[in-house]
Participant: 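My questions will all concern the structure given below.
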Amino acid sequence: MEKTPADAVGMIKQYYARLPGRLADTKKQLGRAMTLAEKVLFAHWRDDGNGLPERGVSPVQLWPDRVVMQDATAQMAILQFMTAGKEQVAVPSTVHCDHLVRAKIGAEKDLAVAESTNLEVYDFLASAAARYGLGFWQPGSGIIHQVVLENYAFPGGMIIGTDSHTPNAGGLAMVAIGVGGADAVDVMVGLPWQTKWPKLIGVHLTGELSGWTSGKDVILKLAGLLTTAGGTGKIIEYFGSGTASLSCTAKATVTNMGAEIGATTSIFPFDSRMADYLRATDREEVAVAAEAVAEHLLADPEVFANPEDYYDEIVEIDLSRLEPHIVGPHSPDIARPASQMAQDVVERGYPDKLSVTLIGSCTNSSYEDIGRAASIARQADAAGLKAKMPFLVTPGSERVRETIERDGLLADLEAIGATVLANACGPCIGQWERTDSVKDMPNSIMTSYNRNFRARNDGSPSTNSFIASPEVVTAYALAGSLSADPVHNGLFSDSGEKITLQAPSAPELPANGFEGGGVGYQPPPDSSVGIEVRVDLNSDRLALLEPFESVDKIAAYQDLPVLLKAQGKCTTDQISPAGKWLKYRGHLDNISDNMFSGVDNSFSEAPGTGCNVFTGACGDTLSVIARDYKSRGQGWVSVGDSNYGEGSSREHAAMSPRYLGCRVVLVRSFARIHEANLKKQGILPLTFVDPADYDHILMDDRLSFMGLDKIEPGKPVRVKIQHADGSEEDIVTQHSMNKEQISWFNAGSALNVIRGEQVAAD
């Protein structure tokens, strides 16, 4: 069993020793060269004897090297793992306490409050980790993705994690994929992970970054080009001479935010800057081993010569011509160069005055990120300037925090008024106790985070959240308004003197090395005998799980009412909001009271509300109506628009509907992780064959799903719509389930199948 991050070196070396031979065999079967993403996937592929997989079509099984979980999602994942009957996790797995720390005052006090208010959750996670052989990173040690990059990620490897921004590790040439907790449980019990073999988008980077432009601008530009659905079912692979222009952590910023365009993951080729980062984070042996197989950790030369023959789509970005970008509000694909921001303020009526600025998070909290922001702060301090509003800084890990404090970078930021928050997610995922007077009025904030859905950061739908690089955000903190464009126009002192800002610069790695490596890590004990997992049966935050029951596939799918018809964007943040609800992530019944509370329902004026078809009452929350249906033994249907379930990997967006009686989710299209989560929990995910059929669903319709007792892969599902006026119409829908996923549906959940197999084995 792995005890410390250093224990993984042996596994990594064995992987590299096998890699050349395995890829040679695969190339013979393919009869062609391979992209980097293909190399990593095939190196982890379970050959089931059905031939080589077809992109975008073939269901496949993969063997990840590791599972990582953050504290909010780990609760439900571990509760599900406990029901599987296993004594130890089958692959190296870790829990990272980063989501439950609420930001309000500053690092020390906020962390103390978190450790007190979340004590029973932390005790549960720590005891479960000790019982089942997981590594445990205590609160304050860092944000999961930064800690993974510093300690576990390695070129050519494969990680799955219960957070949608797990692809951050792609900055170290790794296939790192965000999944739901049930998917993680599969791997932790020793099963392969299932997905559809992805298509490939090649992003050809040329030129070099310079001046104000950073890795952040690469992904902000790409989000504007591809939109939030453009990467669905695809891996984004960066290639070309421009990749060398980005540091390892800048590459991680780019791959982290690939989640915002729906990508399965994103990956960069291995290079010397990755090797430098490995060495700087005390992984010399891994760097040497990777360098020995470097040719296998990037695409083959034929791919570079003729990329159109190897990628399904190619996007060209010239880094030399790329400008600093700002995206938002409310969606990360509303993109424009910083030079156009002032025009958009006028044309779109955004509140011009910035109320808060925030930098850091898992996306942009590296030594280089903070250094570039500090270089702007030093210029401002020399001119006597201060931030014109609250300016909040979130370090990504204790290793980074100790180092930037030692090197004076925190002091540079504090000199212009920055408040340093705990090494945790905080405002990035809605854990922000914002107390200013403008929170619930139309206002604008700017962050260097990754996600900016409405109400995402502070729980207020009135807040317009914009995203830019840390250095650009710092400049805007000094300028005070969206229309100021401090990048091009500079700043002005109180006396009206113009101050031209020089482009930011900072070393990518600390000259004197990092401090604080391994702080807050708790290894699993040598023996788990006698260790009990701590769950108070009277807790309102944690509750052991009861298996979902299977229902008759004919009778239980007839005449189902439609609980809601989601209109437009419907993210997992809207289906299962975080914020104040985050504390209930380990208690399925309590957290289900938030179900669909942020969704715009076509059948109701207020978000999160609807009409009860049995009582005729309208205006109750959708969770209240669903509980009434459940008390009647009545299942129901959720109808949705395009890219339904985009955003966070949170499986509660599938578990709560399942718990409250959802049988079917019928949409125009799904986001990848959410569709997978629905399958795992036994909900039938269907898409309209004709997207226009979405418009045919009315509030008081009843839907019957035909032939589910004989459902097969690739076989359409006919749906009979019975309208209130007595008329009927038939529509055709489709599903993407393979045989094993159909077995989950028939059994009531994937976990029921795993549990049954474990009982049979015992």
Side-chain angles (χ1 to χ4, degrees), residues 229 551-570 575 596 599-605 609-618 620 622 625-626 628-630 632-645 654 657-658 660-671 674-675 678-679 682-737 741-742 745-746:
V551 295
D552 185 273
K553 295 304 180 287
I554 300 177
Y557 290 85
Q558 302 299 305
D559 299 322
L560 298 184
V562 179
L563 180 71
L564 81 157
K565 181 179 175 182
Q567 188 173 22
K569 184 185 287 288
C570 183
I575 300 171
F596 295 126
V599 176
D600 291 323
N601 183 8
S602 297
F603 304 149
S604 184
E605 292 185 3
T609 64
C611 295
N612 188 317
V613 298
F614 293 100
T615 67
C618 293
D620 283 337
L622 291 165
I625 298 170
D628 179 69
Y629 289 2
K630 182 178 181 179
R632 301 170 186 269
Q634 177 65 60
W636 47 269
V637 178
S638 170
V639 175
D641 212 322
S642 300
N643 205 32
Y644 180 90
R658 178 71 171 91
L660 294 184
C662 181
R663 301 268 166 82
V664 180
V665 176
L666 174 59
V667 302
R668 281 175 165 152
S669 65
F670 285 105
H674 187 61
E675 183 181 20
L678 293 172
K679 293 176 183 178
I683 293 176
L684 178 62
L686 297 176
T687 56
F688 297 102
V689 170
D690 181 355
D693 286 338
Y694 166 91
D695 298 319
H696 295 196
I697 308 295
L698 306 178
M699 182 177 70
D700 45 11
D701 285 346
R702 294 299 182 100
L703 273 56
S704 297
F705 300 84
M706 319 306 290
L708 297 185
D709 58 327
K710 299 177 181 178
I711 191 169
E712 297 177 5
K715 183 178 179 180
V717 174
R718 186 169 63 87
V719 181
K720 182 176 71 175
I721 305 173
Q722 183 172 348
H723 299 300
D725 62 5
S727 63
E728 295 182 356
E729 60 179 301
D730 281 3
I731 63 172
V732 180
T733 67
Q734 57 192 2
H735 68 88
S736 63
M737 295 188 295
Q741 292 164 349
I742 288 173
F745 172 64
N746 289 331

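Residue numbers start at 1 and run along the sequence shown. Since the structure is predicted, the reported quantities are computational estimates derived from the model, not experimental observations.
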Participant: Could you tell me the separation between the SG atom of C570 and the CG atom of D600, rounded to the nearest 0.5 Å?
Facilitator: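 Nearest 0.5 Å value for the SG-CG distance: 8.5 Å.
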Participant: Under the side chain to side chain contact (heavy atoms under 4.5 Å, CB included) criterion, do L666 and L703 qualify, and how do the steps go?
Facilitator: CA-CA 11 Å; L666 174 59; L703 273 56; 4.2 Å; yes
Participant: Is any side-chain heavy atom of H674 closer than 4.5 Å to one of P685?
Facilitator: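 The answer is no; the side chains never approach within 4.5 Å.
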Participant: If I take atom CG from residue L708 and atom CG from residue L686, how far apart are they, to the nearest 0.5 angstrom?
Facilitator: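 That separation rounds to 7.5 Å.
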Participant: For residues V613 and Y629, determine if any side-chain heavy atom of one lies less than 4.5 Å from a side-chain heavy atom of the other.
Facilitator: yes
Participant: Keeping to residues at least two apart or across chains, list the side-chain hydrogen bond (donor to acceptor under 3.5 Å, both in side chains) pairs with something in residues 709-718.
Facilitator: R718-D730
Participant: Could you pull out all residues at least two apart from D620 that satisfy salt bridge (charged side-chain N to carboxylate O under 4.0 Å, His left out)?
Facilitator: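 So D620 forms no salt bridge (charged side-chain N to carboxylate O under 4.0 Å, His left out) with any residue.
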Participant: According to side-chain contact (heavy atoms from CB on, under 4.5 Å), who are the partners of T687, at least two apart in sequence or on a separate chain?
Facilitator: V667, F670, Q734
Participant: State the CZ-OG1 distance between R632 and T615, to the nearest 0.5 angstrom.
Facilitator: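 These two atoms lie 6.5 Å from each other.
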Participant: I need the minimum non-hydrogen distance between A654 and L678, along with the two atoms involved.
Facilitator: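 Here A654 and L678 meet closest at CB-CD2, 3.7 Å.
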Participant: Calculate, to the nearest 0.5 Å, the distance between atoms OG and CG belonging to S704 and L560 respectively.
Facilitator: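 These two atoms lie 6.5 Å from each other.
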Participant: Using side-chain heavy atoms (C-beta onward) and a distance below 4.5 Å, is L564 in contact with V599?
Facilitator: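 Contact flag for L564/V599 side chains = yes.
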Participant: Using side-chain heavy atoms (C-beta onward) and a distance below 4.5 Å, is L622 in contact with L660?
Facilitator: no
Participant: Are any of the side-chain heavy atoms of P657 and I683 separated by less than 4.5 Å?
Facilitator: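 Yes, at least one pair of side-chain atoms sits under 4.5 Å.
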Participant: Output all residues satisfying side-chain hydrogen bond (donor to acceptor under 3.5 Å, both in side chains) with T609, sequence neighbours left out; order by chain, then residue number.
Facilitator: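 By the side-chain hydrogen bond (donor to acceptor under 3.5 Å, both in side chains) rule, T609 matches S604.
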Participant: Output the distance between atom CG (L684) and atom NZ (K679), rounded to the nearest 0.5 Å.
Facilitator: 10.0 Å
Participant: Taking the side chain as every heavy atom from C-beta outward, state whether C662 and F596 have any pair of such atoms under 4.5 Å apart.
Facilitator: no
Participant: Please identify each residue that fulfils side-chain hydrogen bond (donor to acceptor under 3.5 Å, both in side chains) with D725, with sequence neighbours left out.
Facilitator: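 With sequence neighbours excluded, D725 shows a side-chain hydrogen bond (donor to acceptor under 3.5 Å, both in side chains) to S727, given in chain and number order.
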Participant: Side chains of residues 637-645: which donor-acceptor partners sit under 3.5 Å, not counting sequence neighbours?
Facilitator:
from, atom 1, to, atom 2, distance (Å)
S638, OG, Y644, OH, 3.2
D641, OD1, R668, NH1, 3.0
D641, OD2, G568, N, 3.3
N643, ND2, E646, OE2, 3.2

Participant: Specify the closest pair of heavy atoms between V732 and P716, including all atoms of both residues, with the distance to one decimal.
Facilitator: CG1-CB, 3.7 Å
Participant: Any side-chain heavy atom of F705 within less than 4.5 Å of one from V719?
Facilitator: yes
Participant: Could you list the residues that satisfy side-chain contact (heavy atoms from CB on, under 4.5 Å) with A556, not counting sequence neighbours?
Facilitator: V551, R663
Participant: If you compare all heavy atoms of P561 against all heavy atoms of G635, which two are closest, and at what distance to 0.1 Å?
Facilitator: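 Minimum heavy-atom contact is CD-O, 3.3 Å.
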Participant: By side-chain hydrogen bond (donor to acceptor under 3.5 Å, both in side chains), which residues pair with H723, not counting sequence neighbours?
Facilitator: D701, E729
Participant: Identify, with sequence neighbours excluded, every residue that meets side-chain contact (heavy atoms from CB on, under 4.5 Å) alongside P713.
Facilitator: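 Scan of P713 (side-chain contact (heavy atoms from CB on, under 4.5 Å), adjacent residues dropped) gives K739, I742.
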Participant: What residues form a ring pair (Phe, Tyr, Trp, His ring centres under 6.0 Å) with Y557, not counting sequence neighbours?
Facilitator: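 Expected list: F745.
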Participant: I'd like to check the side-chain hydrogen bond (donor to acceptor under 3.5 Å, both in side chains) partners of K565; sequence neighbours left out, ordered by chain and number.
Facilitator: none
Participant: Any non-hydrogen side-chain atom of I711 less than 4.5 Å from a side-chain atom of V717?
Facilitator: yes
Participant: For the OG1 atom of T733 and the CG atom of D690, what is their distance to the nearest 0.5 Å?
Facilitator: 12.0 Å
